[in-house]
> 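Here it is: the structure, laid out below.
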Amino acid sequence: MKIQPVKGTRDFYPPEMAVRNWIIDGWKKVSVCNGFEEYDGPIFEYLKMFQIKSGDEIVEQLFSLQDRGGRDLALRPEITPTLARMVNQRINSLPKPIKWFSVPRLFRAERPQKGRLREFFQWNIDIIGLEDETGKALADAEVIFTTVDYLRDVGLSGADIQVKISSRRLLSAVLKRIGVPEERLDSLYILLDKKARLPKETFRELLNEQVLNPQHVERIEAFMETKKVSDVKKVVQLDDEINSALDEQGMLVDNLRRMGLSGYYCFDPSIVRGLAYYTGMIFEVHDMVGELRAIAGGGRYDNLLKEFGGPEISGTGMGMGDCVLEILLREKDLIDKQLPKKCLDFFVVCVPGTNFEQDSEDREPMGEDEVVRQTAKLREAGYRANFSYKFGSLGKQLREAYDQNAQKCIIIGEEFRDRQLVVKDIVTGEQELVDYDEFWSRLKA
RNA sequence: GUGAAAGUAGCUCAGGUGGUUAGAGCACUGGAUUGUGGAUCCAGGGGUCGGGGGUUCGAGUCCCCUCUUUCACCCCA
């Protein structure tokens, strides 16, 4: 019986593994460049940890298991709860702000579809522990900057992607001002989040079901269509709460401008983010065509640590999965030309059948033996070196050297009797006869 | 969890209305080629046609079930 890979999982053969490593290495490099430190946690946690902030409907989308001691566990569907747990555990001894990143392997028992699998990788960055408004606005901006920094680094421009920024704080202030009761906000968020995915009429119908007053519906729709922060006052009369949310948004935008991100972001109040624990700035990165689901998303969370039994400390963060990103990068043809090529420093070959004068009690030394000896010596000296197991014709061996993308080829032939090697440059095709001892002293220099 | 389409070699796909031993290109292995490279030519390996059941003298082809994939819905932490 043939065994198939499990639904929603991927096998990484060397070519796919090269892409995965390239993506993850890029994430890590940009994180470090932006001052983040790497952390990680276990791949499974107590099931109840994921129930705290998410509720039971999420549990159905978890891979859960019971260990032999009867503990209810789950494979992690996200790493934020682990982060909250880890930070809480050492909250008093960690210097603030905490700037951490991670690239966890995550699992969700959903029906797979485009850009969404059951096992994937997700880049997470978080900044935790800032107290004043200025610092928080800087942290919010830095999270967005780091996100764009990576996307820019792999060759995506403002013509390919856009960061859509909104604010939960502004949204709630405006909705309350319009007349939506506070207890209705959470369920309304879930609907508003779907706006982009629903036909206009359907969205309006659902909105009318939730908000009974037609005037309120009209004003909510008007707010969702707002293109500029300064236009908010045209939709609702400002109050203290709205003003303070607008100030926060203003500081964020100022910082983004200073960081040189003009052309990469826009204000879009229709960005709401699903369930989540967001309380301030929220953002999503989308492709310009708008065909794909969000490439990345994040925002400010003020109560997360507290919900996990910690102090009231605010944080801000971002998550970017590898699936949608790879689809977009492939569409833009940005992967193949940037993949680091596998390459060798040396490939050692011999003229088959060449033998040398006997210099010990061993059997007569052959070219093949010398290939193994010289390759091992090169490897010991720290070079990437390889040779052919098959010792076919010289042409075959050279072909293999070419296929393995070697820089130089060392040919061992009859001239080795006079302690000489032929060193051939694979790229230019040039070759020279080099004295054996000189070859090695040149390498060491 | 719901709905739709698809599944033939490692990959991309041929195989009118059921009919001999299921094919091609690419890829892979070997040879032509015993001191110099991606070419060319020749040969070879590789398939329970996703799996199971049924109809039939006979099923890759028709019917049912199931698995997987893709797409849409649900959901999106």
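Computation of the quantities below employed the complete heavy-atom set of this structure, encompassing side-chain atoms and omitting hydrogens, waters and symmetry-equivalent molecules. Convention: sequence-line order gives letters A, B, ...; per-chain numbering from 1.
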> Could you run through nucleotides 4-9 of chain B and give me one letter per nucleotide, 5' to 3': B if any protein heavy atom sits under 4.0 Å from the base, S if only the sugar-phosphate is that close, - if neither?
------

> Taking atom P of rC76(B) as reference, at what distance in whole Å does atom OH of Y277(A) sit?
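Answer to the nearest Å: 13 Å.
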
> Within this structure, what is the CD1-CD distance for the pair I271(A) and E284(A), rounded to the nearest 0.5 Å?
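Those atoms lie 4.0 Å apart.
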
> Do the side-chain N or O atoms of R108(A) get closer than 4.0 angstrom to the phosphate oxygens (OP1, OP2) of rA77(B)?
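No, outside the criterion.
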
> Please state how far atom CG in L62(A) lies from atom P in rA77(B), giving the value in whole angstrom units.
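Answer to the nearest Å: 14 Å.
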
> Check whether the side chain of Q397(A) and the base of rU36(B) form a donor-acceptor pair under 3.5 Å.
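A donor-acceptor contact between them is absent.
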
> What's the spacing between S172(A) OG and Y189(A) OH if we round to 0.5 Å?
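Output value for this atom pair is 4.5 Å.
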
> Give the rounded distance in Å between these two atoms: CZ of R399(A) and P of rC28(B).
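The answer, rounded to whole Å, is 8 Å.
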
> Considering only atom P, compute the distance from rG50(B) to rU68(B) and round it to an integer number of Å.
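After rounding to an integer number of Å, I get 16 Å for this pair.
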
> With sugar-phosphate meaning primed atoms plus P, OP1 and OP2, does G429(A) contact a base, only sugar-phosphate, or nothing at under 4.0 Å between heavy atoms?
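G429(A): base contact, heavy atoms under 4.0 Å.
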
> Using the C1' atom in both, what is the distance from rU55(B) to rC64(B), to the nearest Å?
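The same atom, C1', in both gives a distance of 11 Å.
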
> From M224(A) CE over to K195(A) NZ, what is the distance, rounded to the nearest 0.5 angstrom?
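So the gap between those two atoms works out to 5.5 Å.
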
> Check whether the side chain of R293(A) and the base of rC76(B) form a donor-acceptor pair under 3.5 Å.
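Flag set: donor-acceptor pair detected.
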
> Could you check how far CZ of R118(A) sits from C1' of rA77(B), rounded to whole Å?
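From R118(A) CZ to rA77(B) C1': 17 Å.
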
> Would you call D140(A) and R300(A) a salt bridge, taking side-chain N to carboxylate O under 4.0 Å as the test?
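R300(A) and D140(A): salt-bridged.
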
> Would you state whether a donor and an acceptor, one from the side chain of K424(A) and one from the base of rU36(B), lie under 3.5 Å apart?
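Pair found.
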
> With rounding to the nearest 0.5 angstrom, report the CG to CZ distance, L156(A) to R152(A).
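The distance works out to 11.5 Å.
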
> Given the structure, check if the side chain of Q113(A) and the base of rA72(B) hold any donor-acceptor pair shorter than 3.5 Å.
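Side chain to base: no pair present.
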
> When you compare rA59(B) with rG53(B), how far apart are their P atoms, in angstrom units rounded to a whole number?
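13 Å, rounded to whole Å.
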
> Taking only the P atom of each, what is the distance from rG15(B) to rG7(B) in whole angstrom?
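12 Å, rounded to whole Å.
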
> Rounded to whole angstrom, note down the P distance from rC11(B) over to rU48(B).
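Between the two P atoms, the distance is 12 Å.
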
> Output the rounded distance in Å from CZ (R76(A)) to P (rA77(B)).
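From R76(A) CZ to rA77(B) P: 18 Å.
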
> What's the shortest heavy-atom distance between K96(A) and G129(A), and which atoms?
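Smallest interatomic distance, heavy atoms only, reads CB-O, 3.9 Å.
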
> Using atom P of each nucleotide, how far apart are rU70(B) and rG45(B) to the nearest Å?
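Going atom to atom, P in each nucleotide, I get 34 Å.
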
> Taking the P atom in each of rG60(B) and rA4(B), what is the distance between them to the nearest angstrom?
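Straight-line distance between the two P atoms is 27 Å.
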
> If you measure from OG on S102(A) to CZ on F121(A), what distance do you get to the nearest 0.5 Å?
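Interatomic distance, S102(A) OG to F121(A) CZ, rounded to 0.5 Å: 11.5 Å.
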
> Report the distance from atom CG of L175(A) to atom CZ of R168(A), rounding to the nearest 0.5 Å.
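With rounding to 0.5 Å, CG (L175(A)) is 10.5 Å from CZ (R168(A)).
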
> Taking only side-chain N and O atoms of K194(A), does any of them lie within less than 4.0 angstrom of OP1 or OP2 on rC74(B)?
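Indeed not, no polar side-chain atom of K194(A) lies that close.
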
